[in-house]
Amino acid sequence: MNTTLYLTALPPFDFHQAVTGHGWYQLGPFSYDADAAELAWPQRLSSGASVRVRLSGSTVYEPEPWVQAEVESMHALDADQRRELADAVAWMVNAERDLRPFYALAAGDPGYAKAIAQAQGRFLRSATLFEDFVKVICTTNTTWSQTKGMVRALIAGWGEQTPWEEALCFPTPAALAAASEPELRTRGRLGYRAPYVLELAQRVASGELDLEAFRQPGLPTSELRQRLLRIKGIGPYAAASLLTLLGHFDHLAVDSWTRKLVIPRYFPGRSDVSDAEIAAFYAGWRPYQQLAYWFYDWNSDA
DNA sequence: TTCCAGGGGTAGA
DNA sequence: TCTACCCATGGA
């Protein structure tokens with residue numbers, strides 16, 4: 001059974017940029033066909049039904065941006081299921097994100113010409129907040145290839161079965177909450193992150209921790225950050241990453257990689273630049289510091 | 001073999 | 001708040 005969902009997006013929008021703005025499209029259960037500009041993944045709906053989604057969308061040149069989801073399911077989707085999927089897709093590609101205020105700040109700076117021309121500025125998000133929280137924990141103190149391996153192992157070991165044999169959904173909180181810590185360490189390749197993921201899964205599965213509360217747009221970034229830091233396994237770097245995914249760009253994530261890029265360009269000849277100095281450097285971009293850092297064309301001569 | 005990766009928790013000051 | 005120390009894994 002196939003269903004097609006059409007969504008509109010706020011211009012300027014470019015589907016390829018919305019998907020590839022950061023590395024998430026390389027993590028399971030996503031797969032991305034760059035030639036066809038098609039993002040695919042299996043997903044379990046709250047009703048328990050499984051679907052396979054193939055997502056495509058318009059380029060920056062189209063004045064009325066759109067996103068199209070080709071959804072495969074065993075039974076016809078009812079109105080609630082279609083709405084749930086449409087909401088999830090809009091969230092994932094940031095269809096409603098208004099980047100114009102950021103572009104207005106960046107206008108005239110050649111280092112952002114490419115970002116503006118290509119409609120960069122969106123960070124792909126996973127279908128659920130739980131999935132994004134786990135993935136962010138999987139990026140701490142490790143290499144990208146190992147992060148991909150951890151996510152792959154979690155899906156292979158605890159992912160939800162679907163009617164399509166080869167397609168497993170990302171594990172639910174309940175599935176990971178039922179896992180043992182040693183198994184998550186070894187089979188899940190999480191290492192010392194295992195207790196953090198286990199505790200997160202258990203708290204979410206039991207209802208003690210409501211991740212949906214983090215989605216409310218009106219929350220001040222500082223309060224959100226304090227709440228994130230109270231979750232075990234989430235420190236300054238992970239909190240900043242999650243703030244970005246949650247659409248709060250007014251807290252700069254200063255990590256080892258930031259320093260590698262920012263110091264040679266803006267603080268040449270210095271080796272001892274504090275986080276506070278780097279944050280102060282970006283203060284003029286408020287509330288878009290993280291976009292200004294991330295979508296700057298570091299290869300430009302600007 | 002050693003180092004370290006876009007860190008985080010904990011103890012102790 | 002700041003610092004030392006430990007934490008697993010795997011690629012260079």
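Every chain is numbered from 1 and lettered A, B, ... according to where its sequence line falls, protein lines coming before strand lines. Excluded from the calculations below are hydrogen atoms, water molecules and symmetry mates; all remaining heavy atoms, backbone and side chain alike, are included.
- Shortest non-hydrogen contact noted between A201(A) and P173(A) is CB-O, 3.6 Å.
- Q146(A) has its CD atom 4 Å from the C1' atom of dG10(C), to the nearest Å.
- For D275(A) and dT1(C), the CG to P distance is 14 Å, given to the nearest whole Å.
- Distance noted for atom P between dG6(B) and dC6(C): 23 Å (whole Å).
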Protein-to-nucleotide contact annotation, 5' to 3' order, nucleotides 6-13 of chain B [B base; S sugar-phosphate only; - none; under 4.0 Å, heavy atom]: BBSSS---

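- Regarding contacts with the backbone of dT9(C), every side-chain N or O of R189(A) stays at 4.0 angstrom or more from both OP1 and OP2.
- Note: CD (E181(A)) to P (dC7(C)) measures 14 Å, nearest angstrom.
- dG11(C) atom C1' lies 13 Å from atom NZ of K148(A), rounded to whole Å.
- Using a distance-only test at 3.5 Å, with no hydrogens or angles considered, a donor-acceptor pair links the side chain of T147(A) to the main chain of T143(A).
- Using modelled atom types, one finds no donor on one side chain facing an acceptor on the other under 3.5 Å when comparing Q68(A) with T4(A).
- Rounded to a whole angstrom, the distance from the P atom of dA11(B) to that of dA8(C) is 16 Å.
- Taking the six-membered ring where the residue is Trp, the centroids of Y112(A) and Y296(A) are separated by under 6.0 Å.
- With R44(A) as the partner, the salt bridge (Lys or Arg N to Asp or Glu O under 4.0 Å) test is satisfied by one option alone out of E160(A), E131(A), E84(A): E160(A).
- Residues Y32(A) and H16(A) have side chains that bring a donor and an acceptor to within less than 3.5 angstrom of each other.
- Using a 4.0 Å heavy-atom criterion, one finds that R259(A) contacts no nucleic acid atom at all.
- Summarising the geometry, the separation between CZ on R193(A) and P on dC6(C) is reported as 18 Å, rounded to the nearest angstrom.
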